Every structure is written in structure tokens, then in C-alpha cells.
Amino acid sequence: MSNSEPITEKPLDFIRQIVTEDLKTGKHPTPVTRFPPEPNGFLHIGHAKSICLNFGIASEFNGRCYLRFDDTNPSKEETAYVQAIKEDVKWLGFDWGDNLFYSSDYFDQLYDFALDLIRRKKAFVCDLSADEMREYRGTLTEPGKESPHRNRTVEENLELFQGMKNGDFSEGSHVLRAKIDMASPNLNMRDPIIYRIMNLHHHRTGDKWCIYPMYDYTHCLSDAIEEITHSLCTLEFEDHRPLYDWVLDTLETPVHPQQIEFARLNLTYTVMSKRKLMQLVQDGHVSDWDDPRMLTVSGLRRRGYTPASIRDFCKEIGIGKKESWIDMGVLENCVRNDLNITAPRVMGVLDPLKVVITNYPEGTVEDIEAKNHPQNPEMGSRTLPFSREIYIERTDFMENAPKKFFRLDIGREVRLRYAYFITCVSVVKDEDSGEVIELHCTYDPETYGGNAPDGRKVKGTIHWLSAEQAERCEIRMYDRLFKVENPDADKDVNFKEHLNPDSLTSLNNCLVEPSLADAKPGTCVQFERQGYFCIDSRDSKPGALVFNRTVGLRDSWAKRKK
RNA sequence: UGGGGCGUAGCCAAGCGGUUAAGGCACCGGGUUUUGAUCCCGGUAUUCGGAGGUUCGAGUCCUCCCGCCCCAGCCA
């Protein structure tokens, strides 16, 4: 096959194009990237996009990707978050090897660089208050004014900065500022603050410091110290790039990494910012950061999403500079695709309706063989008990059903998956409410295994569970957290006004097959004809199983009914 | 009214001056099916925010216009 077309691969995004070019021209022998979260909260699906990008590039181009905690603000950071973030990155399938770093690792070097900046007359200690600073900064359209302290001598600055470091001054009384240009149209260049006084305990450096460097100053230097080649961040940092470059151009550093910005992820029917996710937790709208409705990595994990499905999603949505809104359906599609291949099939009844098979012998239990995955024989089979009394899904019966309803009605015949054909003969109703409480059916013994020797066909195949042996359980059904695509769209309406009151429905009378009784938390299965479910890792216990519905199967019947 | 970005289908997204504008999701048909699932086949932009211009040739280059996003933390 000499003329065969190459297999079409996903085209390279603009960042990978830059990396490819830099490797080709020999600018770098190999790429070095980093994922730099601040340990002040849990990772969400937006972080996953960045993780897949940074670690993805490293592995695709034979480079390295470091995990760096950007911990320059002790007021918000905690060790617990560090641990959770490490777990999440690992769970997503990425490995930083020995390359675990903290911005706080560089506090000494950063301080020395600051001294250097002062000596080069490129930084000064400023005594302006926060309010004064704001006034002096100017506005978007008007230039700022220079600080009265801008022209202090090197010696004076050195002395004051050391005083800041030594704890001689109170919080807010002094800051160290870069001396750039108060008239710059880019506000970030108007003598930005690079060190502030904070009398706070740091989760790693303890009480060693009472001054802490700001992001803009720290990030570029950390990148340079680690000899990062491509420093990838989100679009809102575009305006910070001139400052990033200014610091590295002004100081002598081993390398000058290239900052490249890409669009952050927006998903419909959810919110993404840590601040808002935090509010949902604090106000009790969700149980915790790992509530299965949360788009946090831990929430997705608990919900039953697989690492592969999240990686696939990140690959699918691509990397660009356009602010985009990805439909939730794309994420859901990615789990379905993965779970369709990997999840064993089992029977689960969400809303049980009893069926008595009147011509089936009492006291008999027979074994029915069921495939664990019809498309993959290697996954083997299991045995299901079958008996006179079974449960089926309530929605699989309808009185006076329309012709297109392929399930049960009086006089209609369906197949019980892997078992027998049954025909509904009569209905038992509650005398007061009129509610259907039981079905009486007959079965055809000739149809064992699900085929009729006479060749007759049935339109519908339904799932079922033997009444005696079925395992009772709780199933939690989830819907999108918000009722509208973009809960943040309207500035006058708080996003919480758009919460979906029905985002969680707990079903307490569900049944699953006995084979699941000993399954481990986190186990993902497909309940045939229903969807994908996983055993909850927090609340499920032997004898009191709790399942989370990860996502439903596509349902063209439900769609038709609308 | 300053600066920095971005506009290709309902949602993403390829396209890098030269055949009929990739692909995915969604949607609509049809086939297979012991899951109304999966799978398979087919359909869906005479047109790239708009208007001019350059060119034999423009989604790609130029000009102007329009729309959207980000920036005035001692947060990251």
C-alpha cells in the first residue's frame, strides 16, 4: 500500500505548532512545561484542560512537565490543598516524577533578585497607602503619577527593604515596587508592586518571612529558575506578558521562557471559578467539593467519570485563543464513549414494579447466563437467578400504550433480557389510589435464552431482577446544577438564582443484581437500558449500596416522547 | 475615550493565497441489533462578523467599520 493516505491525526493546535517549530529550529532540545496551581482550592475541569496541555506536550515531545505550587500568598493557601491537587493530577494519569516544586522554594533567590533590582535602580520601596496607590495609578484612559518615593537612593531602598524583611514595619506601610513607567497604557507596567508585607505563617516556610513576592514577579523568575521553555497560561494574563518579559530582561537569569496564553474552558450549565464553587459548598447547595454534581476533578471522579474520558474531552475541545463555551453534552459524550467500552453490563431497576409469572413453578430458581458485555466476549458472563416473582422497571409498563411503545401492556409480549418471553395478562391495582402495583404475566418455556423456536419476534427487550435475590440499594440521579447555560451571564442576577432545584434525586427503593453486593466503591457499571452508574466512594457500604448515575444512555424513545 | 485579545454551522474546531470549506458534538434520515444503547451508512456552511480594496485567484493579504472578552488587588 504505497499510495495509502496517512491516517488523519488531529491537527496541531497553535501552541504545539510553536513547540514543534522551536524544536525544529533548535531553540530548545526538548520542551519543559509546568502546571502551576495555587494551593488554595480544589482542581476543576478547567485545570484539567491545562494539565492535559502541559503534561501532554511534555510527553508528546519527549520533554518534561513539572508540578509547581504557586504559593506566594499564605493568606489563602493550605497543605491540605497541596495533597488534594497532587492526588487529582495523579488520578488524571500524569506523573511529574521528581519534579515537584514550590514557588516558596525560591524565596531566598527571589529576595536576592529583588536586591539586584534595587541596585540596578529598577525597584524602590514605596510608603504610599493602598488608597493612595490606587489614586496614583491613574485610570484606563489617564496616565498615573509617580510615587513621591520613586527616587530614593539605592542605599535608602536597600535599608528599607531589609527593614521590611526584618519585620520592622507594619503590614501595608511599605511595599517594594518595580520602577517601570507610570504613563504606560498597560496598567500592569505602572510601577507594579513586587513585594508586600504579610505577617502570616506560610504552610512551608513557616514564620521565616514576613514579606512575600507577588505573582508577576515570582512566576517569571520561577519559570526561569526551572528553565521552563514554554510557560502556558490563560488569556487574562496577556496584559501581564510585558511585565513577565520586563523582569526577565532586567535581571540576569539562566533562560527567558516564552509565555503563551490560551483560552480558559467554559462549560454550559455550570460555574467554573474557585470562588463560586466555594460558595456552593459553603452555602450547602452541594455536599462538598467532591459532590458528584461539581465539575471539580474530585467531583467528577466520585460521579464515575474516568481519567481517560476527561483526557479525551480535553483533547476534543482543543486549544485556542477564542473564548468558547463547550456544551456539557460534549463531556457526557466522552464518558459514554469510554464507559461503553470498559463498563460491564448489569441489571438495575430504578423504580421496581412486581411481576408474577403465573405459569412458572413456585419455589424454583434457575440460572440464566448473561453476557457481561455483548460486544466484548472476553469480558465473559455471569449467572442471574430467575424465579416466579420478578421486578421490572415501572416505566416498562403502560396501559393502553401507543403502537410504538415496544414494552409491556395487557396482551403484549416482550423479552426479559437473556431469559424468556413473557406476556402480560392482567394488572393488579391499589384499590384506593388506582396505582398499578403488580402485573400478572405468563411465560413461554420454549423461549429460554430469549429466542422463540417458532421464529416469532418481539419488539422489546426489558431488564428484570428476581425478587427474592435482588439487592436493595440507593441510586442518586444527577441533573445539571444550573437551569441556564450561563449562570453568570446576567450581571444583575446572582448565579445562585439559577440553581436547578432538581439537580439531585435520590431513589431509595432500587434493586440491583446480587453479583454487585460485594463490588468495591468506585466500581463503574452499565445498568442495561439505563446508563452508567458507579458505587459511591463515600456513602456506600456493604448491605447498603449507594450508586451515582454518571450519565444516562442516549435515549431516542425519551426524545420521541417530548 | 487608553491598552491587550478574539470573531469560520446551534456548540467546539481545522484551514497558514490556488481542486467541491477537514473532523467532533448536536440534529435529521436509513441499516444492523436479545440494551429504543452500541455499531454502520447517508444528510446538514454557494460561504467564513460587515463593507470596500489588492490579485488571474481571498476564509487566508490591505483598509475601514461592527460585535464580544480582559485590564485600574498590597489575589493568582
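Because the structure is a prediction, the values reported are computed rather than measured. Residue numbering restarts at 1 for every chain, and letters A, B, ... go by the order of the sequence lines.
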Going 5' to 3' along nucleotides 71-76 of chain B, which nucleotides have protein heavy atoms under 4.0 Å from the base (write B), which only from the sugar-phosphate (write S), and which from neither (write -)? BBSBBB
Donor on one side chain, acceptor on other, A:Gln259 and A:Glu261, under 3.5 Å: yes
Between A:Thr234 and A:Glu236 (side chain of the first, backbone of the second, donor and acceptor by atom type, cut-off under 3.5 Å), is there such a pair? no
Please determine whether a side-chain nitrogen of the Lys or Arg among A:Glu226 and A:Arg34 lies less than 4.0 Å from a carboxylate oxygen of the Asp or Glu. no
Hey, does the side chain of A:Lys321 come within less than 4.0 Å of B:G7's phosphate (OP1/OP2), counting only N and O? no
For atom CG of A:Asn333 and atom P of B:A37, their distance in whole Å: 14 Å
Please evaluate the base of B:G4 for a donor-acceptor partner in the side chain of A:Arg241 within a cut-off of under 3.5 Å? no
Under a 3.5 Å cut-off for both contacts, is B:U20 paired Watson-Crick or G-U wobble with anything, and if yes, with which nucleotide? none
Calculate the interatomic distance between A:Lys315 atom NZ and B:G24 atom C1'; express it in whole Å. 12 Å
Using Watson-Crick geometry (N1-N3 plus N6-O4 or O6-N4) or G-U wobble (N1-O2, O6-N3), each under 3.5 Å, B:G2 is paired with B:C71
Test for a donor-acceptor pair under 3.5 Å between the base of B:U35 and the side chain of A:Gln530, counting only N and O atoms. no
Residue mapping more 5' on RNA chain B - nearest nucleotide basis, A:Thr141 or A:Arg407: A:Thr141
Spacing of A:Leu553 atom CG relative to B:C39 atom P, expressed in whole Å: 11 Å
Polar pair under 3.5 Å, donor/acceptor by atom type, side chain A:Arg554, base B:U38: no
Mind checking A:Ile317 for me? I need base, sugar-phosphate or nothing, with any heavy atom below 4.0 Å counting as a touch. sugar-phosphate
Report the distance from atom CH2 of A:Trp325 to atom C1' of B:G10, rounded to the nearest whole Å. 16 Å
Side-chain atoms of A:Val330 come closest, of B:G36, B:C25, B:G7, to B:C25
Name the closest nucleotide to the A:Ser556 side chain, picking from B:C25, B:G15, B:A37. B:A37
Distance check, P atoms only: B:C61 and B:A14, in whole angstrom units. 16 Å
Is the base of B:G73 syn or anti, where syn means the angle lies within 90° of 0? syn
Does B:A37 have OP1 or OP2 under 4.0 Å away from a side-chain N or O of A:Arg336? no
Mate of B:G59 where both pairing distances stay under 3.5 Å, Watson-Crick or G-U: none
Taking the side chain of A:Glu323 as its heavy atoms from C-beta onward, which of B:C12, B:U35, B:C69 lies nearest to it? B:C69
Please check the phosphate of B:C40 (OP1 and OP2 only) for any side-chain N or O of A:Gln375 closer than 4.0 Å. no
Please state how far atom CG in A:Leu331 lies from atom C1' in B:C11, giving the value in whole angstrom units. 14 Å
May I ask you to say what A:Lys404 touches in the nucleic acid, namely base, sugar-phosphate or nothing, with a heavy-atom cut-off under 4.0 Å? base
Paired with B:A13 by Watson-Crick or G-U wobble geometry, both distances under 3.5 Å: which nucleotide is it? none
Judged by each residue's nearest nucleotide on RNA chain B, which is more toward the 5′ side, A:Thr447 or A:Leu235? A:Leu235
Between A:Lys322 and B:U8, does any side-chain N or O lie under 4.0 Å from OP1 or OP2? yes
Under 3.5 Å, is there a donor on one side chain and an acceptor on the other for A:Asn376 and A:Arg345? no
Regarding the side chain of A:Glu316, the nearest nucleotide among B:A13, B:G24, B:C11 is B:G24
Decide, yes or no, whether a salt bridge links A:Asp223 with A:Arg68 under the criterion of side-chain N to carboxylate O below 4.0 Å. yes
Rounded to whole Å, please give me the gap between NZ in A:Lys371 and P in B:U38. 18 Å
Is there a donor-acceptor pair closer than 3.5 Å between any side-chain N or O of A:Lys49 and the backbone N or O of A:Ala263? yes
If only side-chain N and O atoms count, and only distance matters, is there a donor-acceptor pair under 3.5 Å linking A:Thr383 with A:Asp367? no
Give a yes or no answer on whether the side chain of A:Arg152 reaches the backbone of A:Val125 with a donor-acceptor pair at less than 3.5 Å. yes
Taking any heavy-atom pair under 4.0 Å as a contact, classify A:Pro242: base, sugar-phosphate, or nothing. nothing
How is A:Phe405 classified with respect to the nucleic acid when contacts are heavy atoms under 4.0 Å: base, sugar-phosphate, or nothing? base
Base, sugar-phosphate alone, or nothing: which one does A:Asn40 contact when heavy atoms must sit under 4.0 Å apart? nothing
Are A:Glu513 and A:Arg382 close enough for a salt bridge, meaning some N to O gap below 4.0 Å? yes
Charged N-O contact under 4.0 Å between A:Arg134 and A:Asp131: yes
A:Gln526 near the nucleic acid: base, sugar-phosphate alone, or nothing, with a heavy-atom cut-off under 4.0 Å? base
